[in-house]
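First up is the structure itself, then whatever we jot down about it.
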Number of protein chains: 2
Amino acid sequence: MSECPTTDRLTPRKREIVTEARALLEEHGAAALTMRALADRLGIKAPSLYKHFPDKAALELELIVLSLQETGEALEAAADSLPSLMKAYRAYALAHPHLYRLNTERSLPREALPEGLEARAAAPLLRVCGGDVDMARAAWAFAHGMVILQLNDRFPADADLTAAWEAGADVFEG
Amino acid sequence: MSECPTTDRLTPRKREIVTEARALLEEHGAAALTMRALADRLGIKAPSLYKHFPDKAALELELIVLSLQETGEALEAAADSLPSLMKAYRAYALAHPHLYRLNTERSLPREALPEGLEARAAAPLLRVCGGDVDMARAAWAFAHGMVILQLNDRFPADADLTAAWEAGADVFEG
DNA sequence: ACCGTAAGGCTAACGTTGTTAGCCGTCAAG
DNA sequence: CTTGACGGCTAACAACGTTAGCCTTACGGT
C-alpha cells in the first residue's frame, strides 16, 4: 500500500549500499564510482555487491531514482512561480553536480523506474506552466542547458552565468 | 601562414585515423569507439595507434575540433536571424548525434584546442544576438537543452518536440 | 654507396574495469 | 535438525586503455 520508493523499494542492506554509492559519487565523481571502490567503502569485496544488484546499471538506477525524487521535492517546494521553480531546479543541480550528470547524461530506463516517478518529478513544472506542455519542455530545456553547459565547463571562464540565466529566465516568464 | 585546422594540424596518416574514428563513432556510437576496434578498421593493431596519438583523449580531441568547425560553418551559413541559426544548430546536432554528444558531454580541453576555434564557432550566434552575450548564452542553453534531452531520450515518447522547439524559439526572438 | 634516423608497424604484457562461477558460514523457520 | 535464504569470500575471465621493446622500410646527408 505505502509506496515510498526509498523505503519500500529496497531492503535495508541495499539501501546502505546505495547510500555509500551516492556518497562516493558526490564526493569523487563518476569515475570514482567503481564496484571495487564501493565495496571497499562498505568493507566487503566487489563480487558481493552482485548479491544485491544484478549489475552496475541497476545500482546507478537507484541513484537516478533518488535524484528524480529529490528534484521533484525541490520543485514542489518552489512551485509558486516559473522563475522560482527554475531557480530551484538550478540550485539542486548545482548542489549535486555528479548526481545530476549521472541522471541526465544517459537515456532514461523508464521500464525500470517506479511507476509515476517521472511524472511526479515533472508535475510542478507543468502546473506552473498552466498545463502548456510545450512551454514547460522549452523552459526545462533552457534550465537543463544552462546547468549542464556550466557543469561541463562549456562557457568561457569569465562568463557571467547569473546574467545569462536572468536573461533567459526573463524571456520565459510572461 | 595558412591555418586550416583540418589540413595543417595533422599529418595525412593522422587524418586517415581520425576519419575512421569518426565513422566508427557516428555509425556505432561512443561505446564502439575502441582503440582496438579503430585499429581493426584501419587494418593495424591497437598499440600502433599510439605512434600517432599519445592517448585516446587526443584522438577524441580531433573529433571535437571537427565538430566545432562544422558547427561553426553550419551556423555561419544560417546567420541571417536567430531562429534560422538555432534551427541550423539543431539540425547539425541531430544529424550527428554521437559526435555532438562527444563534443558536449565532457568539459572543453581549451588549452589543446586550435587558437580561436571556440570563438569562431560562437561568433555567428553572438552576431545574430547583436552582441548581447547573455542572450546568446541563454539561447544556446535552450538549443543545447532541447537537443541533448532529445538525444538522451528524456522527453516522453509521445512528446511533440517540434512544438516545444517552436514554443522556445518564439520566446527567444524579439 | 653508406649510414642514421624517423615513421610506422608488430607482439607481449600490465593494470583496471565489470562480471561470473563456485564455495562457505550464519541463522531463522519448518 | 535440517533446509534454505542471505550474504560474504576467492579465483578467474574478457575487454579496455596503455607501455615496452623490437623490427622493417624509406629517405637525406656525408
Side-chain angles (χ1 to χ4, degrees), chain A residues 6-65 98-99 101-103 105-107 109 112, chain B residues 6-65 98-99 101-103 105-107 109 112:
Chain A
T6 11
T7 308
D8 276 12
R9 230 175 120 69
L10 303 176
T11 69
R13 187 50 169 156
K14 287 196 215 298
R15 239 172 299 143
E16 287 177 28
I17 295 174
V18 170
T19 298
E20 290 306 314
R22 178 187 186 152
L24 197 49
L25 174 67
E26 298 219 41
E27 289 167 20
H28 302 101
L33 182 49
T34 284
M35 297 304 267
R36 285 173 175 84
L38 175 57
D40 263 12
R41 215 181 153 109
L42 287 156
I44 63 178
K45 304 293 177 178
S48 302
L49 292 170
Y50 292 82
K51 296 290 177 168
H52 304 279
F53 297 94
D55 49 33
K56 193 185 179 186
L59 224 162
E60 291 173 333
L61 175 74
E62 297 305 325
L63 296 179
I64 293 176
V65 169
H98 296 115
L99 191 55
R101 238 209 226 87
L102 178 71
N103 188 350
E105 83 184 356
R106 334 166 144 25
S107 74
Chain B
T6 12
T7 308
D8 276 12
R9 231 175 122 70
L10 304 176
T11 69
R13 186 50 169 156
K14 287 195 214 303
R15 237 172 301 142
E16 286 177 30
I17 295 175
V18 170
T19 299
E20 289 306 314
R22 179 188 184 151
L24 197 49
L25 174 66
E26 297 219 41
E27 289 167 22
H28 302 101
L33 181 50
T34 283
M35 297 304 268
R36 285 174 174 85
L38 175 57
D40 263 12
R41 214 181 154 108
L42 287 156
I44 64 179
K45 303 294 179 178
S48 301
L49 291 171
Y50 291 83
K51 296 290 177 170
H52 304 280
F53 297 94
D55 50 32
K56 194 185 179 186
L59 225 163
E60 291 174 333
L61 175 73
E62 297 306 323
L63 295 179
I64 293 175
V65 168
H98 294 115
L99 192 55
R101 239 209 226 87
L102 178 70
N103 188 350
E105 84 184 354
R106 333 163 145 26
S107 75

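First the proteins, then the strands, lettered A, B, ... as listed; each starts at 1.
In terms of position along DNA chain C, the nucleotide closest to B:H52 lies nearer the 5' end than the nucleotide closest to the other residue of the pair A:A57 and B:H52.
If you check every strand for non-hydrogen atoms under 4.0 Å, B:K51 touches a base. Within the nucleic acid shown, B:L33 comes within 4.0 Å of sugar-phosphate atoms alone, with no base atom in reach, counting heavy atoms only. Residue contacts shown for A:R36 include a base, since a base heavy atom lies under 4.0 Å away.
Regarding A:F53, its CZ atom lies at a distance of 18 Å from the C1' atom of C:dT20, rounded to whole Å. Spacing between atom NZ of A:K56 and atom C1' of C:dT16 amounts to 12 Å, rounded to whole angstrom units. The separation between B:M35 atom CE and C:dT17 atom P is 19 Å, rounded to whole Å.
For the pair B:E62 and B:R15, the salt-bridge criterion is not met [side-chain N within less than 4.0 Å of a carboxylate O].
With sequence neighbours excluded, no residue satisfies side chain to side chain contact (heavy atoms under 4.5 Å, CB included) with A:D40. Taking A:E105 as the reference, nothing meets the salt bridge (Lys or Arg N to Asp or Glu O under 4.0 Å) condition, with sequence neighbours excluded.
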I would like to know whether A:V18 and A:F53 meet side-chain contact (heavy atoms from CB on, under 4.5 Å); could you show each step before the answer? CA-CA 10 Å; A:V18 170; A:F53 297 94; 3.7 Å; yes
With side-chain contact (heavy atoms from CB on, under 4.5 Å) as the criterion, how do B:L99 and B:I64 come out once you've worked through the C-alpha distance, each side chain's angles and the decisive distance to 0.1 Å? CA-CA 8 Å; B:L99 192 55; B:I64 293 175; over 6 Å; no
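Looking at residues 20-31 of chain A, you'll see that no heavy atom sits under 4.0 Å from any atom of DNA chain C. Taking every heavy atom of residues 38-50 of chain B and every atom of DNA chain D, pairs under 4.0 Å involve B:P47, B:Y50, by number.
The shortest distance between side-chain heavy atoms of B:L33 and B:L59 does not fall below 4.5 Å. Looking at heavy atoms from C-beta onward, B:L42 lies in side-chain contact with B:R13 at the 4.5 angstrom threshold.
Every pair passing side chain to side chain donor-acceptor pair (under 3.5 Å) that includes a residue from residues 26-35 of chain B is listed here, sequence neighbours excluded: B:R22-B:E26, B:E26-B:H96, B:E27-B:R41. Residue pairs meeting the side chain to side chain donor-acceptor pair (under 3.5 Å) criterion with at least one partner in residues 43-59 of chain B, sequence neighbours excluded, do not occur; the list is empty.
For the pair A:L61 and A:P109, the tightest heavy-atom approach, listed with the atom from each and the gap, is CD1-CG, 3.4 Å.
In this structure, B:H98 NE2 and B:L24 CG are separated by 11.0 Å, a value rounded to the nearest 0.5 Å.
Think of the region where chain A sits on DNA chain D: with heavy atoms and a 4.0 Å cut, that region ends 5' and 3' at D:dG7 to D:dA12.
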